[in-house]
Structure formats: structure tokens, C-alpha cells
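One structure is given here, and the rest of the page talks about it.
Any value given below was found using the heavy atoms of this structure, including those in side chains, with hydrogens, waters and symmetry copies removed. Since we're looking at a predicted model, the values are computed, not measured.
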Amino acid sequence: MEQENRRKRRKPLPMEPKREEGAAEEAKQEVPIKRRRGRLRRRWLLNTLAVTLVVVVIAVSAFSLAMYSYYSSTILATLESKAQTAAGMFRNYTETSYLATARQFVSQFEEKTTIEVQILNADGRVLISSMVDISGAGVNSPDTIAAISLKRVRTFEGIDPDTGDSVISASAPVLYNGAVVGVVRMATSLREVQAQMIRIVAVTSVVGLVILIVMGIIASYFIRSVLEPVIRVTETAKRIAAGSYGVQMEKRSDDEMGELVDSINDMSMKIDQAERTQSEFISSVSHELRTPLTAINGWAETLYNGEVRDAADVKKGMGIIVSEAQRLTRMVEELLEFSRMETGRFNLSVEPIDILAELEDAVYTYREFFRRKGLELVYTECEEELPVISGDPERLRQVFCNLLDNADKHGGSGGVVEVSTGREVDSVVIRIRDHGPGVPEDELPFIKYKFYKGSSKARGSGIGLAVCDEIVNSHGGSMDIANAVGGGCVVIIRLPIRVESV
């Protein structure tokens, strides 16, 4: 039965070659991507296009307003300059020759097809017009009224109160001996400017639409490049949640998404390893519990049925029952200790202790036990007096007893177990060495892992060393395990002489 259970039992190594080969095979099984357009894709695309649309609308509007302002200001400046130049030219003539010169100016004006030139009298009535003969008509344009009253050039942009057309105009007063004798008014329709602005808005709108389409294509590609890895991660997470532990994804980039893939792969491997370790632990503990229970039940039934009557045999049977019961008790205590550590209920009762006294108690306890098994326990005390340290005496004694028991199980074939103490700077050093076969080099890095038993066939749950390491670390110390020179395994415990906080 025991051989069958051992065959069923797997011997895992964290990161062991066999496990890595299996992981590599699983990694080849790439998670299939279900291509579907989810809400995140639509929301992301709509948000991107909405932002782009707003930017394009603002840009087109700003550009159109800027162009309109540029055109209107340029036209205003041109009209103002031409009107002022003409008015200045007329100042050199007398009032009689002013009209003749004005008629000649209007008839020879080169841009009279696009710019209307009006010569007004001091009352604002038209004397001469380049386009339509409206002689005698009054002009009520704000620029004309202001030019007569203020005696300086004024401009206007808007609806002409006389014609109702959208115009841009500039009026310059003609001064003679400081008095206004006339006004030169130049005006042009805004229809051409508005038509030009419509063309500009149409062109910029087309450009904006092209930009929107290009941004939509770019956003779709970018969103797909981001969401496809996310979908792969999601599908992998679902497979892991469904129980496919150890499944791996292919890493296709070295960016943040690649780091996420690495994290998911690492998580998957660790969950797979934890699941296997848990299964192996249950199998191992079940076997370890069944063996002493079988012995206890067998001898108890034998003694109960009266099949053994010899006093020596009865004593032997009772001894086996007591021994196996103690073994079960130790296993249960180890499991309870480990449970407290895992749930954060592990506490220390720290007090000043004589570490040598606690170690000697453990040595004394195991010396007779070793002697009965044919083992020699050699204890070498430190030559100098070691100071009192802060610690939990019960927990530290538990560490020493566990390590001595471990030396018996794994190194008893060597015949000798050595215990020595010493001091290194600010630490007390305790060494426990056996002369057994030692630990395979590839198993040394994992020997303190919980539930790890490696290739050892010795009894145990695989949590003893993990508990010891946790207790020593809680005291601010360290526990190192290595193969000793000349054979065997050595455990070195270093405890600080002064522990400020535990």
C-alpha cells in the first residue's frame, strides 16, 4: 500500500525542469481570441471621434473667423487708405475746381466696378457716384455722419441703412480752410467676402471631415491593438477561473501590456503550483496520518481482543501506541502552527531568555532518544559567555526540537548529530549538523518552502522547516541550510543579541 501511495505521489520542485517542460507545452496552447465588438470598443471609438469632432469644429470655426476678420480688416484698411488719399488730393483745389476734379477722379477710378466711389457735399448728399447716378440723395451711413461731425476718416461694416445691403465703407472729409466742404465715401459689398468665406468654410469642412475619417481609422487600429491583448488576458483569466491552471499566453510586446501578460502567466503558474502542492500535501498528510492510525488501531484491537497475553508484548504494543499517538500529536501541532502563521494569528511572547539554557533543554530531551536509536548527539558549548537575548523561549525550543528531529529523520544514517554554539559580532549562532547523505543541490533553494519534501522518503508533512524559518525570522534572525563539507547537512541559526522590535 505504501509503495502504491508513493507511486501516486508526485515529487514537485518549484521551478523544477519537469514542471517547466509542462508549462512550456501549455504555453504553446495560445488562448483563442473571440473577435467581438464590445461596449468598451464602441465607447472608446465614440469618445475619440467626439473629441476629434469637437476639435475639428473649433479649428474650422476659428480658422473661418480668422479669415473673415483678415479679409474684412484688409478691405477696411484699403478703403480707408483710398478715401483718405482722395480727400487729401481734393484739399489742394478750390471749391469751384473741387467738383470738376472729383468728376475726373471718379471717371478714371480703376476699381469702380467693385468699389463704389461717392462724392458728397457737406450736408451728406450725393454729388457724384461711380456706379448709379443718385445725385441729390442723402447718405445716412454711420461712417459718413461721423466723418462730417468729427472731421476725420471713419469706417463702417454692416447693413447700409439706405440700401439694406451688407457693405464695408470708409468716408473721409474734404477740408477747405478747416471747414468740411465735402466727403469722399468708398463702399463695397460684402457679398464677395461672404461668398469667399463660404468657399473657405466648405474647404476647411472637407479637410476636417477627412481628418475625422483618418482619426477614426487610426483610433480603430489603436483600439484594436490595445483591446485584443485585453481580450486575450480576459479569456485566459476566465480559463484560469474555470480551473485551467498553468495556461500561458504568448508575450507579443515589451510594453505595459507585455508586463501584464507576464504577471498573468506568473499568476497562472503559481496558482497551478499551489493547486498541485495542495493536492500533494493532502495526499501526503493523509498517508502520514493513516500510517500511525493503522498502527494504533491494529495494536489497540489486538490488545482489546486479548490476542497478546505476554507482558513484554503488551508493553511493546502499548509503547507503539504511545509513540504513534505522540507522532500524531506533533503532526497536528505543526499543522495548527502553520495555520496560525497563514492566518496571521502567530504571536510571540517575548522576554529576556538564556538561549543556551533553551538549547540545552532540547539537547537533553533528544540525547537519550538518539542513544536508543544508536545515534550520538555531540554538543559543543561556546567558550565565551553568551548574553541574554529577547525572544519567545517556547517557540525557540520548538525550533531546536524540530531541527533535531529533522536531523534524526534525514541524517540518522550518519550516526552522529553535532550541535554547537558561538557568537558572530551582534548575533548568537547555533549550528546543527548531521552526517547523513545531505540534500541534493537542486533542492536546496526550495527546502524551506511549505509542503516541500523533495526527493526525501522520510515521514513528515513538509512544513516543519517552513515553521522553523518563520519563527526565526519573527525574532529578527535568519536560518540557513546547506550541505556541510565532508558530507551531511548543516543548519545555521543566527539570532540578534538585541531585538528592538519583534
Side-chain angles (χ1 to χ4, degrees), residues 1-13 274-342 362 365-375 398-399 401-415 417 434 436-437 439-440 443 447 449-468 489:
M1 177 66 69
E2 184 175 350
Q3 291 179 351
E4 181 180 354
N5 289 328
R6 287 177 179 173
R7 285 195 301 270
K8 292 180 179 178
R9 229 183 299 166
R10 190 177 179 274
K11 303 169 185 175
L13 278 176
E275 183 72 13
R276 291 174 181 269
T277 302
Q278 180 181 359
S279 300
E280 291 156 4
F281 169 70
I282 293 174
S283 174
S284 175
V285 169
S286 300
H287 175 74
E288 294 296 332
L289 292 174
R290 183 167 55 247
T291 301
L293 285 174
T294 300
I296 291 173
N297 288 334
W299 276 102
E301 289 178 2
T302 300
L303 294 175
Y304 179 77
N305 294 330
E307 296 178 10
V308 177
R309 299 184 181 276
D310 184 74
D313 291 337
V314 171
K315 184 177 181 180
K316 179 181 178 182
M318 293 299 296
I320 291 175
I321 291 174
V322 171
S323 175
E324 295 299 326
Q326 290 175 345
R327 177 180 164 192
L328 284 175
T329 301
R330 286 195 300 270
M331 289 182 61
V332 172
E333 287 176 351
E334 278 187 355
L335 293 173
L336 289 175
E337 202 72 55
F338 178 74
S339 175
R340 293 190 191 100
M341 291 179 182
E342 290 291 292
T365 300
Y366 273 81
R367 177 169 281 158
E368 181 61 24
F369 174 70
F370 280 10
R371 188 187 64 79
R372 289 199 303 267
K373 297 187 65 174
L375 288 175
Q398 176 186 353
V399 171
C401 290
N402 280 352
L403 293 178
L404 289 172
D405 185 65
N406 203 62
D408 167 40
K409 288 191 295 185
H410 299 281
S413 59
V417 175
D434 62 61
V439 181
E443 297 181 11
I447 198 168
Y449 284 12
K450 57 186 178 183
F451 309 137
Y452 180 72
K453 296 182 66 175
S455 58
S456 173
K457 301 298 189 296
R459 301 187 308 269
S461 60
I463 61 175
L465 289 178
V467 171
C468 292
C489 181

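Rounding to the nearest 0.5 Å gives a distance of 13.0 Å between CD1 of I321 and NZ of K316. With rounding to the nearest 0.5 angstrom, the CZ atom of F369 is 5.0 Å from the CG atom of D408.
Every residue meeting the side chain to side chain donor-acceptor pair (under 3.5 Å) condition with E324, not counting sequence neighbours, appears here in chain and number order: R327. Contacts of E301 classified as salt bridge (charged side-chain N to carboxylate O under 4.0 Å, His left out), with partners at least two apart in sequence or in another chain: none. Remark: T302 pairs with E307, V308 by the side-chain contact (heavy atoms from CB on, under 4.5 Å) rule, at least two apart or across chains. By the side-chain contact (heavy atoms from CB on, under 4.5 Å) test, V322 pairs with Q326, sequence neighbours left out. Applying the salt bridge (charged side-chain N to carboxylate O under 4.0 Å, His left out) test to D405 and every residue at least two apart in sequence or in another chain returns K409.
With contacts defined as side-chain heavy-atom distances shorter than 4.5 Å, the pair N402/L465 does not qualify.
When all heavy atoms of L404 and F370 are compared, the closest pair comes out as O-CZ, 3.3 Å. Residues I296 and A325 approach most closely at CD1-N, 3.7 Å, considering heavy atoms.
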